[in-house]
Amino acid sequence: MKMSLLSRTSLAAGLAAALAAGTICSSPAHAQFGGIVYDPSNYAQNVMTAARSLEQINNQIQQLQNQATSLINEARNLASLPVSTIEMLQSQVDQTRQLLSEAQRIAYDVTDVRQVFSERYKGAALSAGQAQMVANANARWQDSVGAFEDAMKVQAGIVGNLGATRSSITTLVGASQSATGALQAAQAGNQLLALQTQQLADLTAALAAQGRAEALESARNAASEAEGRERFRRFRTRN
């Protein structure tokens with residue numbers, strides 16, 4: 001079993017103290033063995049010096065160990081998250097945008113909406129000739145049907161994203177729980193926020209598509225009512 005730094009220091013200090021105590025009662029030895037003189041007090045002093053040096057070395061070693069531990073912790077805090085779901089989230093957003101861009105007949109464009117409504121939902125379009133009124137009514141019906149179909153496609157695409165979203169949540173939560181440092185935890189949190197943003201974007205798209213369909217249906221009903229009144233006026237005028 002390895003002896004700790006404190007134990008080694010205590011042992012060396014105790015040995016030195018014992019030798020120093022022994023030299024108090026001992027008298028210097030005379031020259032023996034070819035003139036070599038053994039001085040117990042000098043020997044004890046050397047042992048004490050060595051013990052103090054050993055203690056300083058142990059303290060320096062402990063400081064180096066503490067610095068190494070600190071560097072390891074800093075490296076963990078700066079380590080990047082090994083997983084990323086950003087590309088998949090971007091792909092899902094692009095897919096939803098593609099579905100919105102495929103809107104039939106009336107696009108998600110202010111200029112297009114103004115033009116179409118001017119042509120067959122209001123004004124002169126509601127008082128045109130009989131044939132034109134029938135054509136406009138049929139065009140409005142097609143607008144409504146196409147808008148409801150578009151809304152259902154967007155909703156289907158969003159539902160199709162739920163499986164990938166669930167997988168992303170599992171991956172990111174697992175990565176967050178096993179994060180080794182602050183940076184990894186923060187990056188996992190940021191990706192979870194990005195996932196929530198993507199879900200909000202999908203929800204916004206679904207609401208926009210459904211609202212478009214309902215608005216066109218309401219406009220069609222209003223236009224049909226206006227045309228009905230115009231036909232009734234013409235009928236009374238002829239009679």
Open item on the list: Does this structure show an ion pair linking R52 with E55, if we count only N-O contacts that are shorter than 4.0 Å?
Closed with: no
Task: Salt-bridge present (E227, R220; N to O < 4.0 Å) - done: no
Open item on the list: What's the separation between atom NZ in K153 and atom OG1 in T96, rounded to the nearest 0.5 Å?
Closed with: 13.0 Å
Open item on the list: Which residue in the set N161, D202, I158 passes side-chain contact (heavy atoms from CB on, under 4.5 Å) when paired with Q95?
Closed with: N161
Open item on the list: Between L216 and R140, is there a side-chain heavy-atom distance shorter than 4.5 Å?
Closed with: no
Task: Donor-acceptor contact below 3.5 Å, side chain N221 vs main chain E217 - done: yes
TODO: Compare every heavy atom of G157 with every heavy atom of L99, then report the nearest pair and how far apart it is.
DONE: CD1-CA, 4.0 Å
Open item on the list: Using a 3.5 Å distance criterion without hydrogens, assess whether the side chain of D112 forms a donor-acceptor pair with backbone atoms of I106.
Closed with: no
Task: Student check: side-chain heavy atoms of R97 and V93 closer than 4.5 Å - done: yes
Task: Inter-residue atom distance R233.CZ - S127.OG, 0.5 Å rounding - done: 8.0 Å
TODO: Would you indicate whether Q130, at its atom CD, is surrounded by more than 12 heavy atoms from other residues, nucleotides or ligands within a distance under 6.0 Å?
DONE: yes
TODO: Please step through side-chain contact (heavy atoms from CB on, under 4.5 Å) for the pair Q142 and Q104, ending with a clear verdict.
DONE: CA-CA 9 Å; Q142 292 180 5; Q104 303 175 59; over 6 Å; no
Task: Side chain to side chain, Q90 and Q198, heavy atoms closer than 4.5 Å - done: no
Open item on the list: Whether the side chain of Q191 engages the backbone of V83 through a donor-acceptor N/O pair (distance < 3.5 Å, no angle test) should be reported.
Closed with: yes
- [ ] Please examine the side chains of D150 and E102, heavy atoms only from C-beta on, and report whether any two atoms are closer than 4.5 Å.
- [x] no
Open item on the list: Could you report the tightest heavy-atom contact between A194 and I86, atom names first, then the distance?
Closed with: CB-CD1, 4.3 Å
TODO: Could you check T165 against L195 for side-chain contact (heavy atoms from CB on, under 4.5 Å), going step by step and ending with a plain yes or no?
DONE: CA-CA 8 Å; T165 299; L195 178 60; 3.7 Å; yes
- [ ] For residues Q92 and A164, report the shortest heavy-atom separation together with the two atoms involved.
- [x] NE2-CB, 3.0 Å
TODO: Mind listing the closest non-hydrogen atom pair of A107 and V113 along with its distance?
DONE: O-CG2, 3.9 Å
Task: OH-OG distance between Y121 and S224, expressed to the nearest 0.5 angstrom - done: 9.0 Å
- [ ] Supply the atom-to-atom distance R114 CZ to E119 CD, rounded to the nearest 0.5 angstrom.
- [x] 14.5 Å
Task: N136 side chain to L126 backbone, donor-acceptor under 3.5 Å - done: no
- [ ] Mark yes or no for whether S91, through its side chain, and E87, through its backbone, hold a donor-acceptor pair below 3.5 Å.
- [x] no
Task: Exercise: identify the closest heavy-atom pair between A139 and R120 - done: CB-CD, 3.4 Å
Task: Reported CG-to-CG distance for the pair L54 and N59, which is rounded to 0.5 angstrom - done: 9.5 Å
Task: Option among T170, T171, I169 that satisfies the side-chain contact (heavy atoms from CB on, under 4.5 Å) test with V173 - done: I169
Open item on the list: Rounded to the nearest 0.5 Å, what separates atom CG in N58 from atom OG in S53?
Closed with: 11.0 Å
Task: Connected via hydrophobic side-chain network under 4.5 Å: L89 and L193 - done: no
